[in-house]
There are 2 protein chains.
Amino acid sequence: MKKTVLVFALLILALLLLFQIGKYATLTNNLRFEIVIAVIAVVFFFVGVYINKKGLHKNINNKQEIDHQKIKALEITDREYEVLERISEGLSNKEIGEKLFVSESTIKTHVSNLLSKLNAKRRTQAVQIAKDLQILE
Amino acid sequence: MKKTVLVFALLILALLLLFQIGKYATLTNNLRFEIVIAVIAVVFFFVGVYINKKGLHKNINNKQEIDHQKIKALEITDREYEVLERISEGLSNKEIGEKLFVSESTIKTHVSNLLSKLNAKRRTQAVQIAKDLQILE
DNA sequence: ATGTATTTGGTACTTTAGTATGAGCCTTAA
DNA sequence: TTAAGGCTCATACTAAAGTACCAAATACAT
């Protein structure tokens with residue numbers, strides 16, 4: 001919010017400055033009228049592009065960022081989260097074990113703990129819940 | 001592409017028109033210089049906003065729209081797709097059967113066919129592949 | 001140094017998931 | 001009216017997934 005105010009204050013100052021420069025330049029015939037108009041147009045065109053992009057990016061980022069605090073709040077450990085990511089990639093317990101260099105039994109333990117922490121009955125449901133909670137993309 | 005060319009052509013025409021109007025108005029003292037500048041600025045500000053929004057919307061939509069043609073290309077039937085959606089919601093075969101008012105056996109058949117059509121070994125992998133192919137959100 | 005949490009792993013078991021095969025019913029196009 | 005595709009369902013089986021319980025090694029803080 002403070003940023004927005006600052007940006008608009010600077011814009012108004014820039015506008016006034018361009019007014020005076022343009023007026024003086026044309027009156028003294030140092031600059032052609034068309035060029036002043038063109039500069040104004042280009043500048044404000046890019047100002048519009050810039051402001052619009054900023055506003056949209058906030059919405060996009062909010063939908064993609066993962067909530068690390070919520071992971072901690074659910075008491076999901078680092079290792080369990082790693083397993084969760086692999087599950088969402090469609091790997092089996094055995095495959096996850098191979099990727100993380102541990103036994104399938106270990107993965108089963110992690111999965112079982114994950115399911116109870118996420119209140120899920122199945123790994124597919126765990127992925128769905130995790131995405132709803134913005135824990136996974 | 002044709003649209004883009006048309007828009008830019010109109011923009012150039014508008015720019016030239018504004019040039020002449022502004023020049024004539026100021027020379028004949030019918031309009032103050034500041035007002036011309038302000039109009040130009042406002043117009044091009046919104047032009048920038050508009051063009052930027054159009055461009056971004058295409059990218060956003062491409063990431064969210066599901067590719068119905070690809071579904072047909074993979075020979076996935078309507079019923080199979082319904083089952084796929086339920087799988088991605090985290091339901092079991094039994095629960096899917098209850099929701100669609102058919103037996104668990106039927107769902108198993110659909111799932112088995114789905115997996116082979118998607119080249120997946122597990123339902124979790126099927127969901128992942130489907131999302132990559134923009135078949136699921 | 002003792003307690004706590006994490007990670008690891010095993011056994012034994014139950015429950016889902018998934019495959020293979022066959023078959024009946026319905027709709028639609030040739 | 002056949003043929004084909006889609007939906008349904010069953011049986012019998014194998015393969016994963018998931019639960020419950022136990023136990024040991026590590027790390028880290030008080």
Side-chain angles (χ1 to χ4, degrees), chain A residues 66-133 135-136, chain B residues 66-133 135-136:
Chain A
I66 58 179
D67 193 338
H68 295 282
Q69 294 182 336
K70 209 168 283 176
I71 297 175
K72 287 179 185 172
L74 290 168
E75 295 180 295
I76 294 174
T77 67
D78 290 354
R79 206 56 165 169
E80 283 164 1
Y81 185 73
E82 278 188 275
V83 172
L84 179 57
E85 289 178 311
R86 303 295 180 174
I87 290 175
S88 78
E89 291 169 9
L91 301 186
S92 68
N93 289 337
K94 193 181 175 184
E95 289 169 339
I96 297 172
E98 286 165 0
K99 283 224 175 187
L100 301 184
F101 304 107
V102 294
S103 76
E104 189 186 347
S105 298
T106 304
I107 304 301
K108 280 190 177 184
T109 305
H110 288 320
V111 172
S112 204
N113 291 331
L114 258 175
L115 295 184
S116 67
K117 286 176 184 177
L118 287 171
N119 276 315
K121 293 174 185 171
R122 282 163 296 281
R123 47 172 52 214
T124 47
Q125 195 181 12
V127 171
Q128 171 66 18
I129 291 173
K131 287 182 180 177
D132 278 353
L133 295 176
I135 281 176
L136 278 179
Chain B
I66 57 181
D67 193 338
H68 296 282
Q69 293 183 336
K70 209 167 285 179
I71 296 174
K72 286 179 185 171
L74 290 169
E75 295 180 294
I76 294 174
T77 68
D78 290 355
R79 206 55 164 170
E80 285 163 359
Y81 186 74
E82 279 187 275
V83 172
L84 179 58
E85 289 178 312
R86 303 296 179 172
I87 289 175
S88 78
E89 292 169 8
L91 300 185
S92 69
N93 289 336
K94 193 181 176 186
E95 288 170 341
I96 297 172
E98 287 166 0
K99 283 223 172 187
L100 301 183
F101 304 107
V102 295
S103 78
E104 190 187 346
S105 297
T106 305
I107 304 301
K108 280 190 178 185
T109 305
H110 288 320
V111 171
S112 204
N113 291 332
L114 258 174
L115 295 184
S116 67
K117 287 176 182 176
L118 287 171
N119 275 316
K121 293 175 184 172
R122 282 164 295 280
R123 48 173 52 214
T124 47
Q125 197 181 12
V127 171
Q128 172 65 17
I129 291 172
K131 287 182 180 178
D132 278 353
L133 296 175
I135 282 176
L136 277 179

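Because the structure is predicted, anything quoted here is derived from the model rather than measured. What's counted below: heavy atoms across the whole structure, side chains too, no hydrogens, waters or symmetry copies. Every chain is numbered from 1, with letters handed out A, B, ... down the list of sequences.
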Compare side-chain N and O positions of [X] against OP1 and OP2 of [N] and report whether any pair is under 4.0 Å apart.
| X | N | result |
| --- | --- | --- |
| B:Arg79 | D:dT8 | yes |
| A:Ser92 | D:dA16 | no |
| B:Ser103 | D:dA10 | yes |
| B:Thr77 | D:dG6 | no |

Let me confirm one number: the CG-NZ distance from B:Asp78 to B:Lys72, rounded to the nearest 0.5 Å. 9.0 Å
When rounded to the nearest 0.5 Å, the distance separating CG of A:Asn119 from CG of A:Leu114 is 12.0 Å
Once you round it to whole Å, what is the distance between [atom2] of [N] and [atom1] of [X]?
| X | N | atom1 | atom2 | answer |
| --- | --- | --- | --- | --- |
| B:Glu80 | D:dG6 | CD | P | 8 Å |
| A:Leu114 | D:dT19 | CG | C1' | 15 Å |
| A:Glu82 | C:dT8 | CD | C1' | 14 Å |
| A:Asp78 | C:dT7 | CG | P | 6 Å |
| A:Lys94 | D:dG18 | NZ | C1' | 17 Å |
| A:Asn113 | C:dT7 | CG | C1' | 10 Å |
| B:Leu84 | D:dC7 | CG | C1' | 17 Å |
| B:Ile107 | D:dC9 | CD1 | P | 9 Å |

Flag side-chain contact, heavy atom, 4.5 Å: A:Val83 against A:Arg123: no
Looking at every strand, decide which applies to B:Ser105 at a 4.0 Å heavy-atom threshold: base, sugar-phosphate, or nothing. base
Classify A:Thr106 by what it touches in the nucleic acid, base, sugar-phosphate, or nothing, heavy-atom distance under 4.0 Å. base
Nearest-nucleotide wise, let me know which of A:Asn93 and B:His110 is further upstream toward the 5' end of DNA chain D. B:His110
Map B:Lys117 and B:Arg122 onto DNA chain D by nearest heavy atom, then report which one ends up closer to the 5' terminus. B:Lys117
Can you establish whether the number of heavy atoms outside B:Lys131 located under 6.0 Å from its atom NZ is more than 12? yes
Could you tell me whether A:Lys94 atom NZ has more than 12 heavy atoms of other residues or ligands within 6.0 Å of it? no
Please pick, from D:dG18, D:dT8, C:dT8, the nucleotide with the shortest atom-to-atom distance to any side-chain atom of A:Leu115. D:dG18
Picking from D:dG18, D:dT8, C:dG10, the nucleotide nearest the side-chain atoms of A:Arg123 would be D:dG18
